[in-house]
Amino acid sequence: MPAIRLPDGSIRQFDAPVTGAALAAQVGPGLARAAVAMTLSGRLVDLATVIERDADVRFVTRDDPEALPLIRHDAAHVLAEAVQSLYPGTQVTIGPAIENGFYYDFAREPPFAPTDFPPIEAKMREIVAAKEPFTCEVWEREKAIEFFLAKGETYKAEILRDLPESETITLYRQGSWVDLCRGPHMRTTGDVGTAFKLMRTAGAYWRGDHRNKMLSRIYGTAWRNQKELDSYLAMLAEAERRDHRRLGREMDLFHLQDEAVGSVFWHPLGWRLYRTVESYLRRALDADGYQEVRTPQLVDRSLWEASGHWEKFGAHMFTAQVEDEHRTLALKPMNCPCHVQIFNQRVRSYRELPLRLAEFGSCHRYEPSGALHGIMRVRAFTQDDAHIFCTEDQIGAETVRFMALLSTVYRDLGFPEFAVKFADRPDMRAGSDETWDRAEAALREACAEAGVAYALNPGEGAFYGPKLEFVLKDAIGREWQCGTLQVDFVLPERLDAEYVAEDGRRRRPVMLHRAILGSFERFLGILIEQYAGRLPLWLAPLQVVVATIVSDADAYAAKVGRACEAAGLHVEVDTRNEKINAKVRDWSLRHVPVMLVAGRREAEAGTVAMRRLGAPEQEVLTISEAVARLAAEATPPDLRSKAAQEVACA
RNA sequence: GCCGACGUAGCUCAGCGGUAGAGCAACUGAUUCGUAAUCAGUAGGUCCUCGGUUCAAAUCCGAGCGUCGGCACCA
């Protein structure tokens with residue numbers, strides 16, 4: 001007979017098995033009203049679950065953060081019921097809770113459009129108001145298949161057929177509507193509440209496979225209360241203002257146009273930002289034992305065939321024919337094979353390892369049209385690429401070293417936090433299973449040595465080796481792989497790289513492919529969004545605007561501008577015949593971090609009124625004080641300690 | 001590539017069969033002003049492209065291109 005321990009440590013003894021709901025009622029009427037689910041020895045289950053034996057039980061109320069996935073999953077069921085009652089003949093497939101909401105994939109021709117949302121949402125609210133109880137039923141597989149087939153639900157039948165033998169098959173009923181579902185659910189559809197909203201439609205392949213039929217997906221968002229929903233929607237609106245495509249235009253950084261799809265036109269200010277990051281990174285690589293190289297843009301197809309890229313990615317490579325030579329050249333889609341060519345130019349000794357070859361390599365890939373996204377997914381981009389040729393037992397030390405470098409760079413550029421994923425062998429791959437076992441084990445051990453915690457990303461490795469992915473998020477929380485570290489035993493073999501070992505025998509080196517930013521284009525897009533355009537002074541391409549209040553101060557403002565320039569600051573002098581209000585507004589909209597205002601008073605006193613972007617207050621300083629302060633702040637982080645030392649010595 | 005939405009002035013958008021519109025930006029003039037929009041005037045458009053329907057197309061239809069949101073892809 002169950003003895004049930006509650007979170008406060010108290011133990012309740014029962015003579016017979018008891019449901020969670022009954023237990024809650026016994027604990028107190030308030031809890032019975034608030035509880036929507038419970039954890040039974042750590043597992044989240046329905047309140048209706050019968051507790052048969054001794055267990056730890058904790059109730060989840062609707063206000064708990066843990067209730068959010070339940071609200072969202074229940075909302076997906078309510079959506080499906082609403083859709084099937086309004087559009088008979090629509091088949092249901094799957095409908096999970098996701099971050100911020102839920103979706104449901106339906107099979108229907110024609111697919112749903114946002115114009116269908118008002119009636120669907122209205123129906124959903126009816127279903128919620130009806131407070132239909134969720135009840136769980138255990139079915140036999142064959143019966144369940146028959147049941148769904150009889151309803152014309154072929155997708156559900158297919159899911160059922162593919163469920164492992166061991167799986168208990170459960171159906172959840174809400175009112176007259178039934179769905180195959182693993183659960184858990186809350187008590188009734190009423191627990192979903194009213195803080196939900198259908199957001200958008202999308203096409204999605206059945207089982208995520210492009211060879212399958214495309215289903216019609218409806219995305220929704222759902223929250224515990226209206227306040228949470230409102231703040232989520234406000235966050236999305238705010239994120240729109242941070243969009244790098246919008247900021248790129250507002251700050252005059254870059255543009256894209258139809259004649260060069262997927263290629264960036266960098267404007268002067270954007271290119272300055274690019275160069276600031278590039279210079280910073282080049283200093284970091286120079287200091288960390290890398291040797292920078294430069295390799296060709298156009299390379300004969302035979303090299304790509306040898307590396308295996310032609311077979312796997314040939315269709316996504318830009319090629320060029322040379323008329324009087326019988327050759328096909330490809331614009332390089334990546335740099336690895338070229339770096340191996342440099343390695344292979346002479347006999348290498350083990351003494352040279354690890355050999356780190358770096359390149360800011362300009363690459364072209366014919367990306368599928370639907371993949372393009374602003375400057376974050378483009379067809380022409382520049383990787384901050386490097387390949388480390390080393391021995392198998394140097395992998396750990398190189399990983400430790402790389403993690404230190406990457407962490408420093410990310411921190412300096414404003415990303416103290418980042419996610420790490422471990423992507424292991426994909427279905428389509430080069431190299432034997434034994435090779436993959438070794439490569440994956442080596443990378444796992446290297447992670448342990450470097451103290452890297454990661455999430456698994458199964459089957460997502462490169463075709464030649466497992467990889468770590470360093471993931472950053474954009475303004476609305478979409479994840480982008482930026483940095484990477486890949487362990488490769490395959491390409492050295494295919495491209496016949498070797499070195500002479502201590503014992504005089506020839507050996508294959510291991511190749512570590514690694515990038516920190518990934519591509520400048522993507523990283524700068526994320527950087528712009530991360531800072532919402534308000535870049536720290538050292539990164540801002542236009543750092544200071546000197547603005548006059550009256551034209552009598554024009555000559556003085558020019559002098560202030562020259563002082564800034566002399567200190568290496570990127571400055572512009574605004575002597576337009578506009579009110580200071582208008583100038584402040586104009587430059588604020590362009591996210592210029594500092595304004596130095598010069599009116600009659602400042603011109604007479606030899607001072608400037610310094611104003612930070614977005615801050616209402618000002619500080620009056622002498623020219624030299626203002627410039628010295630700004631110049632110090634505009635020093636890149638890696639040069640700061642050095643600059644401080646020089647000051648100390650002087 | 002697939003599903004859907006969208007494509008009108010530099011930007012944001014209105015117009016949805018009958019001679020292309022607004023606000024902001026730009027340009028010109030006046031104004032010399034104290035920290036997020038001074039006033040007035042001027043100029044600016046193969047209405048994405050091609051084809052079709054029609055007396056007449058920005059508007060209706062078709063195809064293409066591009067962008068956006070997803071899916072798939074991402075060396």
Side-chain angles (χ1 to χ4, degrees), chain A residues 103 105 109-115 199-219 243 245-246 249-250 252 255-259 261-262 304 307-317 332-337 363 365-374 377 381 383 385 423 426 428 430 460-465 467 469 476 478 480-481 484 486 488 491 513 518-519 522 547-554 575 577-589 595-602 609-618:
Chain A
Y103 68 76
D105 284 347
E109 291 295 336
F112 291 106
T115 48
M199 301 295 281
R200 59 178 59 94
T201 58
Y205 296 106
W206 166 236
R207 298 199 148 165
D209 188 327
H210 68 275
R211 290 163 301 195
N212 290 341
K213 228 189 95 163
M214 185 153 266
L215 304 170
S216 178
R217 176 174 296 180
I218 295 177
Y219 280 100
D243 189 305
R245 293 164 292 198
R246 176 181 174 140
R249 186 178 61 239
E250 290 174 356
D252 196 14
H255 83 270
L256 298 157
Q257 69 182 55
D258 292 359
E259 286 76 6
V261 173
W304 308 111
S307 69
H309 289 97
W310 187 267
E311 191 194 352
K312 186 142 183 3
F313 295 110
H316 298 283
M317 287 164 71
K332 74 172 169 191
M334 25 100 79
N335 311 294
C336 343
C363 297
R365 295 179 186 173
Y366 185 65
E367 301 286 14
S369 55
L372 301 176
H373 180 94
R377 186 80 184 269
F381 55 94
Q383 294 179 325
D385 203 2
M428 297 278 286
E460 295 296 320
F463 75 86
Y464 47 69
K467 63 178 183 178
E469 303 173 333
I476 62 170
R478 286 178 291 214
W480 295 86
Q481 183 199 307
T484 186
Q486 308 168 1
D488 181 4
L491 278 188
H513 306 239
S519 90
R522 174 174 297 180
T548 52
I549 295 172
V550 292
S551 53
D552 286 351
D554 285 2
T575 54
N577 180 7
E578 290 289 349
K579 288 189 163 185
I580 190 63
N581 293 303
K583 295 185 183 183
V584 166
R585 179 179 151 82
D586 287 352
W587 296 110
S588 297
L589 288 174
M595 287 191 74
L596 298 179
V597 175
R600 197 167 279 128
R601 291 204 297 266
E602 288 78 10
M610 182 154 83
R611 183 191 202 279
R612 297 284 177 159
L613 176 59
E617 67 272 14
Q618 316 139 45

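Proteins get letters first, then strands, A, B, ... in listed order; numbering begins at 1 in each.
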(request) Would you please name every residue forming a side-chain hydrogen bond (donor to acceptor under 3.5 Å, both in side chains) with A:Arg249, sequence neighbours left out? (result) none
Mind checking the [atom1] distance from [N] to [M]? Whole angstroms is fine.
{"N": "B:A57", "M": "B:C48", "atom1": "C1'", "result": "16 Å"}
{"N": "B:U19", "M": "B:G62", "atom1": "C1'", "result": "28 Å"}
{"N": "B:C71", "M": "B:C27", "atom1": "P", "result": "44 Å"}
{"N": "B:U12", "M": "B:A25", "atom1": "C1'", "result": "11 Å"}
{"N": "B:U67", "M": "B:A30", "atom1": "C1'", "result": "43 Å"}
{"N": "B:G44", "M": "B:G1", "atom1": "P", "result": "39 Å"}
{"N": "B:C16", "M": "B:G10", "atom1": "P", "result": "23 Å"}
{"N": "B:A14", "M": "B:A9", "atom1": "P", "result": "12 Å"}

[N] - base-pair partner by Watson-Crick or wobble geometry, distances under 3.5 Å:
{"N": "B:G51", "answer": "B:C61"}
{"N": "B:G1", "answer": "B:C71"}
{"N": "B:A37", "answer": "none"}
{"N": "B:G44", "answer": "none"}
{"N": "B:G17", "answer": "none"}
{"N": "B:A22", "answer": "B:U12"}

(request) Grab the CG-P distance between A:Leu372 and B:C2 for me, whole Å please. (result)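 Answer to the nearest Å: 14 Å.
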(message) In this structure, how many angstroms lie between the P atom of B:C68 and the CZ atom of A:Arg246, rounded?
(response) 15 Å
(message) Minimum heavy-atom separation for A:Ala547 and A:Ile580, please, with both atom names.
(response)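 Closest heavy-atom pair between A:Ala547 and A:Ile580: CB-CD1, 4.1 Å.
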What does the B/S/- profile of [range] look like, 5' to 3', with a 4.0 Å heavy-atom cutoff to protein?
{"range": "nucleotides 6-12 of chain B", "result": "-----SS"}
{"range": "nucleotides 70-75 of chain B", "result": "BBBBBB"}
{"range": "nucleotides 34-51 of chain B", "result": "BBBBB-------------"}

(message) It should be established whether A:Ser216 places a side-chain nitrogen or oxygen under 4.0 Å from OP1 or OP2 of nucleotide B:C3.
(response)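 Looking at the OP1 and OP2 atoms of B:C3, neither is under 4.0 Å from any side-chain N or O of A:Ser216.
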Applying side chain to side chain contact (heavy atoms under 4.5 Å, CB included), can you list everything that pairs with [X], at least two apart in sequence or on another chain?
{"X": "A:Thr575", "result": "A:Thr548, A:Asp554, A:Val573"}
{"X": "A:Glu250", "result": "A:Arg246, A:Leu247, A:His591"}
{"X": "A:Ser369", "result": "A:Arg379"}

Mind checking what makes ring pair (Phe, Tyr, Trp, His ring centres under 6.0 Å) contact with [X], not counting sequence neighbours?
{"X": "A:His513", "answer": "A:His387, A:Tyr464"}
{"X": "A:Phe381", "answer": "none"}
{"X": "A:Tyr205", "answer": "none"}
{"X": "A:Trp310", "answer": "none"}

(request) Please tell me if the side chains of A:Gln481 and A:Glu460 come closer than 4.5 Å, counting only heavy atoms from C-beta onward. (result) no
(message) What I'd like to find out is whether the side chain of A:Arg377 reaches to under 4.5 Å of the side chain of A:Trp480, using heavy atoms alone.
(response) yes
(request) Please name all residues satisfying salt bridge (Lys or Arg N to Asp or Glu O under 4.0 Å) with A:Asp385, sequence neighbours left out, ordered by chain then number. (result) none
(message) What contact category does A:Gly465 fall into here, base, sugar-phosphate, or nothing, at under 4.0 angstrom with non-hydrogen atoms?
(response) nothing
